[in-house]
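Remember, it's a predicted structure, so these values are computed and weren't measured experimentally. Values below: all heavy atoms of this structure, side chains included; hydrogens, waters and symmetry mates excluded.
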Number of protein chains: 2
Amino acid sequence: MTLQELIDTKNFINQLSVDCAIFGFHDNSLKILLLKYHELNLWAIPGGFIFEDEHLDDAAHRILYERTHLEDVYLQQFYAFGGIDRTEKNNPHRQLLANKGIEIDKDHWINKRFVTVGYYALIDYTLSHTFPDAFNETCAWFDVHDLPEMAFDHKEIIEKGLEHLRKTLDYDIVGSNLLPEKFTMKDLQNLYEAILGEKFRRNNFQRKMLSLNILDRHEKLFSGSANKAPYLYSFKKK
Amino acid sequence: MTLQELIDTKNFINQLSVDCAIFGFHDNSLKILLLKYHELNLWAIPGGFIFEDEHLDDAAHRILYERTHLEDVYLQQFYAFGGIDRTEKNNPHRQLLANKGIEIDKDHWINKRFVTVGYYALIDYTLSHTFPDAFNETCAWFDVHDLPEMAFDHKEIIEKGLEHLRKTLDYDIVGSNLLPEKFTMKDLQNLYEAILGEKFRRNNFQRKMLSLNILDRHEKLFSGSANKAPYLYSFKKK
DNA sequence: GCAAAAGTGTTCTCTGTACACCCATGC
DNA sequence: GCATGGGTGTACAGAGAACACTTTTGC
């Protein structure tokens, strides 16, 4: 959908949007997938609008698919952001419209304040393809603690999503969505240390995870390094 | 505001609303304050619409005030409900409009599907005044496990709010908002047993609460009964 | 054999639970 | 004194933290 087609669309709910914080795990740190408006030096999490007769969750999945081509993703709603100034600063729509010389009415819905519902997605970093979408943006992964200049209040949305992820931490859901099919205990530990921002004892962490009874142990991983080969694990299928 | 004034209002965000589940504690059980549309046999939690330029949290406070005259209330947002059929069943607006013979356009915003943001309020049961508001409804407290016929999907909203309350349970916030200024340890225990739906050992509960260091102990409460008088407690001021 | 990292064992502490006992109160 | 319910003590079990020890791997 082009910007012109977007602003001509009539059957969106006015002043309501969905934004998705996409978390991935790589290089022992928690990453987030951001889209860049390439004419602008602004990054954003993928977001969009809800059709008048569309389930909010369906809208979140659709928007995620349209803007990243990710399907069958774990998505969790976490908070509705309703500040009156939240779309005032770093508003890429206004800047793009101005750049393209498109004149739109001051009362057009895209110029109004939006309430946005935040969702987070958990995806396997190794399976994601980052690619430019119809808005001619580029995509890239960023460390959650080292974000670039963000559109709107997207930095606060990411923070709140991460906080929700931490508070409602489910070892099974988080691990099975953020790690590849098979992984070592060290991978798992690195993941939880990155999310929770604290270090654990190697041996105690291992015992804790095994006691949860959510892992299957597989063959050992021979990496060629001069030490004992770790077992590979996967999450048990339901 | 009358129903006619409501439907004539132009500066609400279309298809977005706020609903507040108001929790109170009485007779050792968790109660919820419901409003009744007196021409209909339908009960609802107080809800309303958001002005185009109003903070979502401010809207929640305003709606709560307009419909119950409660002020300075602890309010917590917990979830946005976005199902496409959520306003189809038990829709009091349509029934009231039909009863009053008010004809409105099928495309009028009040006939559309609404996404609603759920908040819960925690109030001291003894301080609340239940009274009919401008909609000529009546109000009453109900046990959360024994609800009457509810408008829209309000039963599910209450369930989800209660679930959120349980999961994010903060002894200080919940206790200091749901209990009167001074209370006995037994009152406190009854409150948490009602919320969590489980029984605790009297002595262990007491030790746990005292170890949290959030209570001040005051004089004893002489009730006239033939047993040791319990201490009164209050939550420490910050 | 040796270094490096994985895997397992053991002890200690803390929290939560279950049971027991004592204390205050009004009759 | 006695029944009733409040307050405190203590012992046991399980989880988590800190430490040590053994095993596996490639050089």
Side-chain angles (χ1 to χ4, degrees), chain A residues 27-29 166-172 174-175 179-236, chain B residues 25 27-28 166-172 174-175 179-236:
Chain A
D27 267 352
N28 294 341
S29 54
R166 283 192 189 115
K167 281 189 179 164
T168 64
L169 191 64
D170 180 303
Y171 288 102
D172 204 334
V174 170
L179 290 174
E181 178 66 22
K182 290 184 180 178
F183 49 88
T184 65
M185 193 57 79
K186 187 148 193 72
D187 293 333
L188 192 61
Q189 181 171 352
N190 285 333
L191 171 61
Y192 285 105
E193 288 181 345
I195 292 178
L196 295 172
E198 55 180 318
K199 294 286 182 185
F200 304 107
R201 306 256 164 164
R202 176 180 62 84
N203 46 0
N204 293 334
F205 182 83
Q206 162 129 337
R207 217 189 324 267
K208 175 76 192 300
M209 286 303 120
L210 294 180
S211 74
L212 291 177
N213 219 35
I214 53 174
L215 297 177
D216 285 325
R217 181 179 275 187
H218 302 284
E219 73 283 0
K220 291 182 172 182
L221 171 70
F222 290 90
S223 61
S225 62
N227 52 45
K228 194 170 178 175
Y231 288 109
L232 285 171
Y233 295 89
S234 68
F235 284 93
K236 285 185 174 164
Chain B
F25 180 64
D27 266 353
N28 294 341
R166 285 193 187 113
K167 281 189 179 164
T168 63
L169 192 64
D170 180 302
Y171 288 102
D172 203 335
V174 170
L179 290 174
E181 178 66 21
K182 290 185 180 179
F183 49 88
T184 65
M185 194 57 79
K186 187 149 195 69
D187 294 332
L188 192 61
Q189 181 171 350
N190 286 333
L191 171 62
Y192 285 106
E193 288 182 344
I195 292 178
L196 295 172
E198 56 180 317
K199 294 286 180 184
F200 304 106
R201 306 256 163 166
R202 175 180 63 84
N203 46 2
N204 294 334
F205 182 83
Q206 162 129 338
R207 216 188 326 266
K208 176 76 191 300
M209 286 304 119
L210 293 180
S211 75
L212 291 177
N213 219 35
I214 53 174
L215 297 176
D216 285 325
R217 181 180 273 186
H218 302 285
E219 73 283 3
K220 290 182 173 183
L221 172 70
F222 291 88
S223 61
S225 62
N227 52 45
K228 193 169 176 176
Y231 290 109
L232 285 171
Y233 295 89
S234 68
F235 284 93
K236 285 185 173 161

| query | Does a side-chain heavy-atom distance below 4.5 Å link A:Lys182 with A:Glu219? | reply | yes
| task | Find out whether B:Leu188 and B:Phe205 are in side-chain contact, i.e. whether some heavy atom of one side chain is under 4.5 Å from a heavy atom of the other. | result | yes
| Looking only at side-chain N and O atoms, does A:Gln206 come under 4.0 Å of OP1 or OP2 in C:dA6? | no
| note | Heavy atoms of B:Leu210 and B:Arg217 approach each other most closely as CD1-NH2, 4.1 Å
| field | Sub-4.0 Å heavy-atom contacts from residues 207-216 of chain A onto DNA chain C, ordered by number | value | A:Arg207
| remark: Between B:Phe25 and the options B:Leu179, B:Ile195, B:Asp187, B:Val174, the side chain to side chain contact (heavy atoms under 4.5 Å, CB included) test singles out B:Leu179
| said: Tell me the closest heavy-atom pair linking A:Ala229 and A:Leu221, and the distance in Å. | reply: CB-O, 3.3 Å
Distances for protein N/O vs nucleotides 20-27 of chain C N/O pairs under 3.5 angstrom?
unit_1: C:dA20; atom_1: N6; unit_2: B:Asn203; atom_2: ND2; d: 3.2
unit_1: C:dA24; atom_1: N3; unit_2: B:Lys228; atom_2: N; d: 3.1
unit_1: C:dT25; atom_1: O4'; unit_2: B:Asn227; atom_2: O; d: 3.1
unit_1: C:dT25; atom_1: O2; unit_2: B:Ala226; atom_2: O; d: 3.0
unit_1: C:dT25; atom_1: O2; unit_2: B:Asn227; atom_2: N; d: 3.1

| said: Looking at every non-hydrogen atom in both residues, tell me the closest pair between A:Phe183 and A:Phe235 and how far apart they are. | reply: CZ-CE1, 3.4 Å
| message | What is the separation between atom CG on A:Leu221 and atom P on D:dG26, rounded to the nearest whole Å? | response | 11 Å
| task | Locate the shortest heavy-atom distance separating A:Ser234 from A:Glu181; write the atom from each residue and the value. | result | CB-O, 3.4 Å
| request: Would you kindly give the CD-to-C1' distance between A:Glu219 and D:dT24, to the nearest whole Å? | output: 17 Å
| request: Measure from OH on B:Tyr233 to P on D:dG6 and round the result to the nearest Å. | output: 11 Å
| request: To the nearest Å, give me how far apart CG (A:Asn204) and P (D:dA17) are. | output: 6 Å
| field | Nearest heavy atoms of A:Pro230 and A:Thr184, plus distance in Å | value | CG-CG2, 3.9 Å
| Over how many whole Å does the gap from A:Phe200 atom CZ to D:dA15 atom C1' extend? | 15 Å
| Quick one: B:Phe205 CZ to C:dT15 P, roughly how many Å, whole number? | 17 Å
| side-chain contact (heavy atoms from CB on, under 4.5 Å) partners for A:Asn227, two or more places apart | A:Ser225
| In whole angstroms, how far is the P atom of D:dG6 from the CG atom of B:Asp187? | 10 Å
| query | Has A:Arg201 got a side-chain N or O lying under 4.0 Å from the OP1 or OP2 atom of D:dA17? | reply | no
